[in-house]
Amino acid sequence: MPDSSKNLIFYFLIGLALEVVGILSIWARSSLLSLVMLLLGIMLFINGTIQLIRFFLPKERHTGDFNVCLRSLLSLSISVLFIWYQGVPQWLMVVVFGFYMLLYASACFVQWWLYREDHVRGRLMLFLTALVLYVVGGIFLLSPSLTMDDMLILLGIYFIFLGIMYLRDGFDSLSSKTRNRVTRKIRITLPAIICAIIPAKTLNDINAYLKENDEFEEDDHNDLQESDLEVYVHVTSSGFGLLGHVDIGFEGMIISYGNYDTESYRLNAVIGDGVFFLSPTESTVENYLSVEKNNLFVYGLRLNEDQKEEIRQAINRIIEKGYRWYTKIERENGFSHPNDYQEDYPSRLVCKTGAKFYKFREGRFKTYFALGSNCVLLADSIIGRLGTDVLSMRGLITPGTYLDYLDKEYHKKGGMVVSRQFYPCHDNRNKKNILEKMN
């Protein structure tokens, strides 16, 4: 089956399923949830019972495996809650939903405060959004038993709009019309918590695939076409880097934004001075793979001359707002003994690639915030000139949001995303380009 047809079917099935779930959530509300929990409880009860019986069978290889026993007891315990004490998990669902609203509100409030400190215009909407979310979250937490139906109505509306996004992506995947510009539209994305784990999940999927497959079939969707702009999504195998990071590569240079000044860290590096660097693409990518041990998902975009000029102007505007910031190795003239600066990432990069670092004099990127003014927002300020719509609905934006969006754009006929590749860190060289072979 052609790749476009598979994507069309996938998007339509997911979209229709979300529409059905959304409508049922609004119409049936608590009765639907009770039925779902009852069915899940019965399934868990049957599974737990079977696992427990297998544990005690002398001929089973699981005999004596206490992990199997613990899993079966856990399944049975949860099944009891789902079948006979549904009020407990329902209460917990509302409480978790309320806390999520408060987290979302806090991120918006912190971003509003930082914009206020940096005198950024147009920040009122963030304050109003935070205020509304605080009120909504507080109501859910104060009366979880009375707001179950309200939560299901909100989730139902969200599922309906998310389903519309998948149906729209399905039609876009079917269209054979070549687009010179991606139309900027309102986009509803997956929850930020889910998007945050997309880079790590994709990397884990690659690892799992390689364990089970020695040979691969090439993807026939797109030959690797020459691209004019690259989006690099980094992900490490462990640590905070599992959430990802986004860079832009254009005309032989990489521009990257982040919280690179360790002396400005606040809230455990969640906030700090906004810093961007410019460095040569080839040496920087090599440094990412060999020294920093980053795995790279690279998406290539094909641009016309007008679009290239728009990207140049966007990057120049960023550079004009910046002033040169010197790293430790530069301030201390330590190039004769670079090993003393190996713990400082900016110094390592300067030494390996000749990168130049800058800070912002003003504007929304003057202060970095991991849940707001982050690497993804800067990337969108550049690529958004082409009409990308991934950030049209502001919220908790993560690199996983962009990874999911670019992957969908790659599967659309005539889209601007013409290539995608996976470059593993040098400890895992055998995985190169496996993205093309998994689909």
Side-chain angles (χ1 to χ4, degrees), residues 10-52 71-108 128-168 186-198 393 395-396 401 404:
F10 172 78
Y11 290 140
F12 277 0
L13 289 178
I14 295 296
L16 291 174
L18 288 169
E19 295 297 321
V20 171
V21 171
I23 293 172
L24 290 176
S25 295
I26 296 173
W27 176 60
R29 285 174 281 188
S30 296
S31 57
L32 172 65
L33 183 62
S34 296
L35 177 61
V36 171
M37 293 179 66
L38 177 63
L39 294 175
L40 286 175
I42 294 173
M43 292 171 59
L44 288 171
F45 184 82
I46 294 173
N47 177 70
T49 302
I50 293 174
Q51 292 294 327
L52 197 60
R71 286 196 298 270
S72 65
L73 292 176
L74 181 61
S75 294
L76 291 172
S77 300
I78 296 176
S79 70
V80 170
L81 287 176
F82 281 4
I83 297 174
W84 289 287
Y85 299 96
Q86 293 187 357
V88 175
Q90 289 181 8
W91 175 87
L92 184 61
M93 286 177 61
V94 177
V95 170
V96 170
F97 184 78
F99 272 117
Y100 181 75
M101 290 293 101
L102 293 184
L103 174 63
Y104 204 139
S106 298
C108 292
L128 295 177
T129 301
L131 187 62
V132 171
L133 290 174
Y134 272 128
V135 172
V136 172
I139 291 174
F140 279 105
L141 289 177
L142 290 175
S143 56
S145 60
L146 300 177
T147 52
M148 169 59 69
D149 284 348
D150 297 325
M151 183 195 74
L152 291 174
I153 290 173
L154 291 177
L155 290 177
I157 294 172
Y158 171 74
F159 286 142
I160 288 174
F161 280 106
L162 186 61
I164 292 173
M165 295 300 103
Y166 275 92
L167 292 174
R168 192 183 76 186
I186 293 177
R187 169 170 288 269
I188 306 296
T189 63
L190 293 170
I193 292 178
I194 296 178
C195 285
I197 65 174
I198 286 178
M393 296 296 288
L396 306 181
T401 308
D404 178 65

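Starting from 1, each residue takes its place in the sequence as its number.
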Item checked: Heavy-atom pair with the smallest gap, counting every atom of Met101 and Gly137 -> CB-CA, 3.7 Å

Item checked: Trace of the side-chain contact (heavy atoms from CB on, under 4.5 Å) decision for Leu18 with Ile160 -> CA-CA 6 Å; Leu18 288 169; Ile160 288 174; over 6 Å; no

Next item on the list: Kindly determine whether Leu154 and Phe97 satisfy side-chain contact (heavy atoms from CB on, under 4.5 Å), including the steps that lead there.
Entry: CA-CA 11 Å; Leu154 291 177; Phe97 184 78; 4.2 Å; yes

Note to self: Apply side-chain contact (heavy atoms from CB on, under 4.5 Å) to residues Leu32 and Leu152 and explain how you reach the verdict.
What the structure shows: CA-CA 10 Å; Leu32 172 65; Leu152 291 174; over 6 Å; no

Next item on the list: Measure across Ser72 and Gly48 and return the closest heavy-atom pair with its distance rounded to 0.1 Å.
Entry: CB-O, 3.3 Å

Notebook entry, point to check: Which atoms form the tightest heavy-atom contact between Ser143 and Thr147, and what is the distance?
Noted result: O-OG1, 2.9 Å

Note to self: Rounded to the nearest 0.5 Å, what separates atom CG in Leu35 from atom CD in Gln86?
What the structure shows: 9.0 Å

Next item on the list: Look at atom CZ of Phe161 and say whether more than 12 heavy atoms of other residues, nucleotides or ligands are closer to it than 6.0 Å.
Entry: no

Check: Nearest 0.5 Å, what's the CG-CD1 distance between Leu162 and Ile157?
Finding: 13.5 Å

Notebook entry, point to check: Run the side-chain contact (heavy atoms from CB on, under 4.5 Å) check on Ser75 and Asn47 step by step: do they pass?
Noted result: CA-CA 7 Å; Ser75 294; Asn47 177 70; 3.7 Å; yes

Margin query: Which heavy atom of Met37 sits nearest to which heavy atom of Gln90, and what is that distance?
Written below: SD-CG, 3.7 Å

Item checked: Heavy-atom pair of closest approach, residues Phe140 and Gly98 -> CB-CA, 4.0 Å

Margin query: Rounded at 0.5 Å granularity, tell me how far CG in Leu76 sits from CG in Leu44.
Written below: 9.0 Å

Item checked: Heavy-atom closest pair, residues Gly41 and Phe82 -> CA-CB, 3.7 Å

Notebook entry, point to check: What's the spacing between Tyr134 OH and Leu102 CG if we round to 0.5 Å?
Noted result: 7.0 Å

Item checked: Atom pair CE (Met148) and CE (Met93), whose distance is rounded to the nearest 0.5 Å -> 5.5 Å

Note to self: Side chains of Thr129 and Cys108, heavy atoms from C-beta outward: is any pair under 4.5 Å?
What the structure shows: yes

Notebook entry, point to check: Would you call Leu73 and Gln51 a side-chain contact if the rule is heavy atoms closer than 4.5 Å?
Noted result: no

Item checked: Other residues, nucleotides, ligands: >12 heavy atoms within 6.0 Å of Tyr158 OH -> yes

Item checked: Value rounded to 0.5 Å, distance of CG in Asp149 from CG in Leu33 -> 9.5 Å

